Every structure is written in structure tokens, then in C-alpha cells.
Trainee: 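A single structure is presented below for examination.
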Number of protein chains: 2
Amino acid sequence: MKQEEKTETEQLILEAAKKVFIEKGYAGARMQAIADEAQINKAMLHYYYRSKEALFSRILESAVATMSGQIIPALQGKGTVMEKIESLVNNYIDTIIQNPYIPMFVLNELAQNRLNFQESLMAKMATNDTVEQFMKQIMKEQKAGILQPVGPHHIMLTVMSLIAFPFIAKPVFTGVMKIPEFMYLQMMEERKQLVMEIIKKSFLK
Amino acid sequence: MKQEEKTETEQLILEAAKKVFIEKGYAGARMQAIADEAQINKAMLHYYYRSKEALFSRILESAVATMSGQIIPALQGKGTVMEKIESLVNNYIDTIIQNPYIPMFVLNELAQNRLNFQESLMAKMATNDTVEQFMKQIMKEQKAGILQPVGPHHIMLTVMSLIAFPFIAKPVFTGVMKIPEFMYLQMMEERKQLVMEIIKKSFLK
DNA sequence: TTTTGGTTAAACCGTTTGGTTGATTTAATT
DNA sequence: AATTAAATCAACCAAACGGTTTAACCAAAA
């Protein structure tokens with residue numbers, strides 16, 4: 001067996017852990033539940049990943065990678081601010097439709113700040129000035145009279161709000177308001193266009 | 001001692017429980033930690049509130065009451081849709097500034113749906129048709145040509161996104177982006193005006 | 001004075017937790 | 001066929017958990 005590629009069991013564990021950790025959170029997740037989900041023995045979890053924390057940080061990092069993998073490329077390279085935001089909105093919503101629980105998961109861990117997750121994220125951001133560059137581009141286009149003179153932080157925050165919150169609030173729709181799954185998905189698809197209209201009307205001069 | 005009003009200890013317990021539950025979530029919260037926070041004995045927790053679940057549901061219900069106490073009144077009575085939204089935005093942001101962890105807490109519990117929290121919320125909504133009435137008002141103003149013809153769900157979702165998400169993302173600002181607390185608060189104050197501008201530009205004809 | 005109810009600290013209980021162990025099976029190598 | 005190392009398992013363990021009980025303490029009410 002090659003050491004480079006993961007064994008089937010390792011993959012099973014990762015997928016099971018992802019499901020359980022995202023569903024229950026770190027404290028609520030049980031190693032036995034992960035083992036059951038992966039249909040393996042509990043000892044295997046510790047055989048492949050030393051501890052609950054080690055396994056968890058793997059899952060958390062892959063979730064962050066999924067998110068930043070959509071955000072960073074969209075904001076890089078050429079193109080106007082609006083073009084980049086449009087790319088961000090489309091890519092991000094598509095990605096999250098397939099992993100709807102990721103935003104809540106990451107924000108939750110960020111809030112609890114288990115073992116300095118905040119600082120490790122900060123370090124990752126520092127080595128990559130994409131966001132900072134994008135903010136500078138916003139200010140440049142504001143001076144050029146293309147964009148409204150609104151604080152760049154507010155613009156970023158607004159975009160993220162419009163994209164991410166609908167997924168965080170998903171249980172409100174499917175659970176409390178009893179809106180069926182397919183209708184919720186349809187709303188999220190419609191949202192790409194709506195969000196862009198909102199952003200353009202709000203921040204374009 | 002009067003039975004109607006809570007004893008000092010009961011209040012101490014509730015406040016300690018609120019802090020610990022909101023900080024750590026249900027699974028992560030420890031009864032001993034709540035007792036320590038309240039500076040009382042662990043036995044007292046069970047003396048006043050029978051179990052962890054009972055204590056937790058008290059906290060959860062009060063959090064929901066705080067939120068719906070701002071949402072429901074703002075949407076009732078006379079006034080145009082925009083006037084109601086403006087009242088909602090101002091009241092809600094003011095309330096959440098003082099309880100910034102409530103939205104995350106409630107949405108989190110909704111996502112995990114511990115012991116049918118979703119259904120109990122749904123029942124509470126059904127006995128109060130404020131939201132439904134407000135949606136009808138939106139459609140009426142759309143037919144009257146006051147509002148853009150956007151799905152009422154989208155409008156509600158957009159408003160909630162713009163209001164609630166910045167608080168859910170607070171750790172990103174104060175933790176990852178190292179924005180100081182006072183500057184974050186200042187942003188939230190600025191947001192009342194900005195959010196209304198965005199909503200008016202987006203949904204008013 | 002006696003009684004009552006809030007309060008405390010500590011010991012205790014049954015269960016569940018993350019984690020370990022040693023033995024056993026599997027699969028590739030010689 | 002013999003050897004070896006990786007993979008898997010059931011059983012186990014110490015610690016921590018929510019919750020209970022006990023016994024003593026105290027202030028106010030009866």
C-alpha cells in the first residue's frame with residue numbers, strides 16, 4: 001500500500017468525522033459515534049489520528065480550506081471590484097450549497113476559539129495579503145468615483161452577510177417555517193442574482 | 001421569602017448559566033463551571049433547577065424572548081413596510097449590541113435541534129401571525145408599486161442577514177482581524193444607517 | 001425553643017467519556 | 001510455507017460527567 005494516498009479506512013474516518021463534528025460540534029461529538037458512522041472500531045480512530053483534537057483539527061482545516069479556496073481566488077488578479085464580488089458570490093454560493101453547514105461550523109469554532117483557532121487563521125491570513133489588496137482596490141475605485149465612499153470593512157461585511165447568513169439560517173426555513181428542501185435550494189440559486197443587484201445598487205455610483 | 005420573585009441565588013444561577021451555556025454550548029457546558037461562575041455549590045443548581053436540560057431550556061427560552069421581543073413589536077401595528085423595517089433594524093441592533101452572542105446561540109440550537117426546539121418555536125410562531133401579516137403587507141405594497149416585486153422571503157432574509165450576521169461574525173473582527181472592541185461597536189452603530197440605505201435602495205421603487 | 005428552609009462541602013453513584021492494551025486477522029514479502 | 005508489518009478488534013481503564021445524598025450550619029419564623 002502506498003503511503004502517499006490515504007487508505008480507504010482513513011477516508012471513511014475523515015468523512016464520518018466531518019459529518020459528526022459538523023452536526024454536533026466538538027464537545028457534542030463522540031468518538032464512538034464517529035466510529036459507528038464509519039462502520040469501524042473505535043480504536044481505529046486513534047490508530048490513524050492520535051486524538052479527538054487531532055482528528056477535529058483536520059476537519060476544521062479542510063473546512064477552512066474549502067471556504068478560503070473560494071474566497072481568495074475570486075479576489076485575486078485583474079478585474080474590477082464588482083467583477084470580483086460577482087465571481088465571489090457565484091463561486092461561494094455554489095460551494096456552500098454543497099456544504100451548507102460549513103459557515104456555521106467555522107464561525108462557531110471561531111467564537112469558541114478552541115486552542116487558538118483564531119490566531120492560526122490570522123497567521124494564515126498574514127502570509128496572504130489578498131484581502132488587504134482587495135480593500136486597497138476598493139478605496140482606489142472609491143477615489144476614482146466608481147464606488148460609493150463607504151468603509152471597505154462595511155462593504156466586505158455586507159457581502160459576506162448576504163452570502164453566508166442564508167445558509168446559517170437554513171434550519172429556520174426548513175425546520176421552523178417548513179419550507180421544503182428543494183424550495184430552499186431554489187431560493188439560494190435565485191439569491192446569486194438578487195445579491196448582486198443589492199450590492200450594485202448599494203455600492204456602485 | 002416570596003414565591004413570586006426570584007431569590008438572589010436563583011438570579012445568580014441564571015446569569016452564570018447564561019454565560020456558560022452561551023460561551024460553550026450545551027454539550028460543552030459543565031454544571032460545575034456554572035456553579036463556580038455563580039460562586040455557589042453544585043447541589044444548589046439541582047435544588048433550584050432539576051437538571052441540566054431544565055436549566056438550559058430556561059436560558060434558551062429567555063434568549064428567544066429577547067429576540068422575538070424586538071422583532072414582533074416592530075412588525076406590528078400601523079406604518080409602512082419601510083417604517084417597520086427601520087424600527088426593526090434600530091431596535092434589534094441596539095438589543096444585540098448588549099447581547100451579542102444571542103443570535104449565534106439561538107441559531108446554533110436551531111441547527112442542532114435539541115429536543116425539538118424547532119417545533120416549539122414553530123408552535124410559538126403559529127399562535128402569533130405577525131410575520132405572516134407582515135409578509136402580506138409586503139405583497140400589498142408591491143402591488144401598489146411602492147416596493148420592488150421581490151419574493152417576500154428574500155426581503156425578510158436580506159434584512160435578517162444584514163442585521164444579524166455582523167454579530168455572528170464578531171470573532172472574525174475582534175479575533176482574526178484584530179479590530180478593537182470599541183471600533184467594532186462603532187461599526188455596528190454606523191450599520192443601522194447603512195443597512196437602511198441598502199434596504200431602501202434595493203427594495204424601494 | 002423549636003422548627004423550617006436556604007446553604008454548604010464532601011462523599012458518593014452509575015454512566016459515559018477519550019484513550020489504551022494485547023491479541024488476532026490480513027496482506028504483502030521472502 | 002514462513003516471516004513480517006500493517007490493520008483490525010473486543011475488552012478494558014482511569015477520569016470526568018450529571019446527578020444524589022448526607023450531615024452539618026445558620027438565620028429567621030413559629
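Note that these values count all heavy atoms, side chains included, but never hydrogens, waters or copies made by symmetry. The model shown is predicted, which means the values in this text are computed figures rather than measured ones. Throughout, a chain's letter reflects where its sequence line sits, starting with A, and its residues are numbered from 1.
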Trainee: Below 30° counts as parallel, above 60° as perpendicular, anything between as tilted: where do the rings of A:Y26 and A:F21 land?
Mentor: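 The rings of A:Y26 and A:F21 lie parallel, inter-plane angle below 30°.
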Trainee: Would you kindly give the CZ-to-C1' distance between A:R50 and C:dT20, to the nearest whole Å?
Mentor: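 My rounded result for the distance is 15 Å.
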Trainee: Between P on D:dT8 and CG on A:L12, what's the gap in Å once rounded to a whole number?
Mentor: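 Value for this atom pair: 9 Å.
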Trainee: So, does B:Y47 get its side chain near the phosphate of D:dT20, meaning an N or O under 4.0 Å from OP1 or OP2?
Mentor: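 Looking at the OP1 and OP2 atoms of D:dT20, neither is under 4.0 Å from any side-chain N or O of B:Y47.
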Trainee: Measure CD1/A:I13 against P/C:dG18 and give the value in whole Å, please.
Mentor: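 Rounded to the whole Å, the gap is 15 Å.
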Trainee: Would B:K84 and B:Q137 count as having a side-chain donor-acceptor pair, cut-off 3.5 Å?
Mentor: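 Yes, side-chain donor-acceptor contact under 3.5 Å.
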Trainee: Please evaluate the base of C:dG19 for a donor-acceptor partner in the side chain of A:K52 within a cut-off of under 3.5 Å?
Mentor: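 There is none.
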Trainee: B:K170 and B:E181: salt bridge (Lys or Arg N to Asp or Glu O under 4.0 Å), yes or no, with the steps?
Mentor: CA-CA 9 Å; B:K170 181 184 180 184; B:E181 187 84 9; 2.9 Å; yes
Trainee: So does B:R30 get a side-chain nitrogen or oxygen closer than 4.0 Å to the phosphate oxygens (OP1/OP2) of D:dA16?
Mentor: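 So the side chain of B:R30 is outside the cut-off, no N or O lying under 4.0 Å from OP1 or OP2 of D:dA16.
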Trainee: Below the 4.0 Å mark, does D:dA10 have OP1 or OP2 next to a side-chain nitrogen or oxygen of A:N41?
Mentor: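 Result: yes.
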Trainee: Please confirm whether the shortest side-chain N or O distance from A:S51 to OP1 or OP2 of C:dG18 is below 4.0 Å.
Mentor: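 Checking A:S51 against C:dG18: no side-chain N or O falls below 4.0 Å of OP1 or OP2.
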Trainee: Tell me the interatomic distance from A:L45, atom CG, to D:dA7, atom P, rounded to whole angstroms.
Mentor: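 My rounded result for the distance is 15 Å.
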Trainee: In this structure, how many angstroms lie between the C1' atom of D:dA16 and the CD1 atom of B:I34, rounded?
Mentor: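 Checked: the CD1 to C1' distance equals 16 Å.
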Trainee: Within this structure, what is the OH-to-P distance between B:Y48 and D:dT20, rounded to whole angstrom?
Mentor: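 These atoms are roughly 17 Å apart.
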Trainee: With DNA chain C as reference, determine whether A:A43 or A:Y26 sits nearer its 5' end, using the nearest nucleotide of each.
Mentor: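 The 5'-side residue here is A:Y26.
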Trainee: Heavy atoms under 4.0 Å, any strand shown: does B:I40 hit a base, just sugar-phosphate, or nothing?
Mentor: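 It contacts sugar-phosphate atoms only.
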Trainee: With the threshold set at 4.0 Å, does a side-chain nitrogen-carboxylate oxygen contact exist between B:K192 and B:D94?
Mentor: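 Salt bridge flag = yes for B:D94 with B:K192.
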Trainee: Does the distance from a Lys or Arg side-chain N to an Asp or Glu carboxylate O, for A:E197 and B:K201, drop under 4.0 Å?
Mentor: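 No salt bridge links A:E197 with B:K201.
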Trainee: For a quick check of understanding: with a heavy-atom distance under 4.0 Å over all strands, which category does A:M44 fall into, base, sugar-phosphate or nothing?
Mentor: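 Base contact.
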Trainee: With a 4.0 Å cut-off on heavy atoms, is B:A29 in touch with a base, just the backbone sugar-phosphate, or nothing at all?
Mentor: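 Since only primed, P, OP1 and OP2 atoms lie under 4.0 Å of B:A29, the category is sugar-phosphate.
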Trainee: If I take atom CG in residue A:D36 and atom C1' in nucleotide D:dA10, what distance separates them, rounded to the nearest angstrom?
Mentor: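 It is 14 Å, rounded to the nearest whole Å.
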Trainee: Between D:dT20 atom C1' and B:M31 atom CE, what is the distance in whole Å?
Mentor: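 Result: 12 Å.
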Trainee: Assign each of B:K42 and B:Q39 to its nearest nucleotide of DNA chain C by heavy atoms, then name whichever residue's nucleotide is nearer the 5' end.
Mentor: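 Its nearest nucleotide being more 5', the pick is B:Q39.
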Trainee: Report yes if a side-chain nitrogen or oxygen of A:H46 is closer than 4.0 Å to either non-bridging phosphate oxygen (OP1 or OP2) of C:dG19; otherwise report no.
Mentor: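 So the side-chain polar atoms of A:H46 do come within 4.0 Å of the phosphate oxygens OP1 or OP2 of C:dG19, strictly under.
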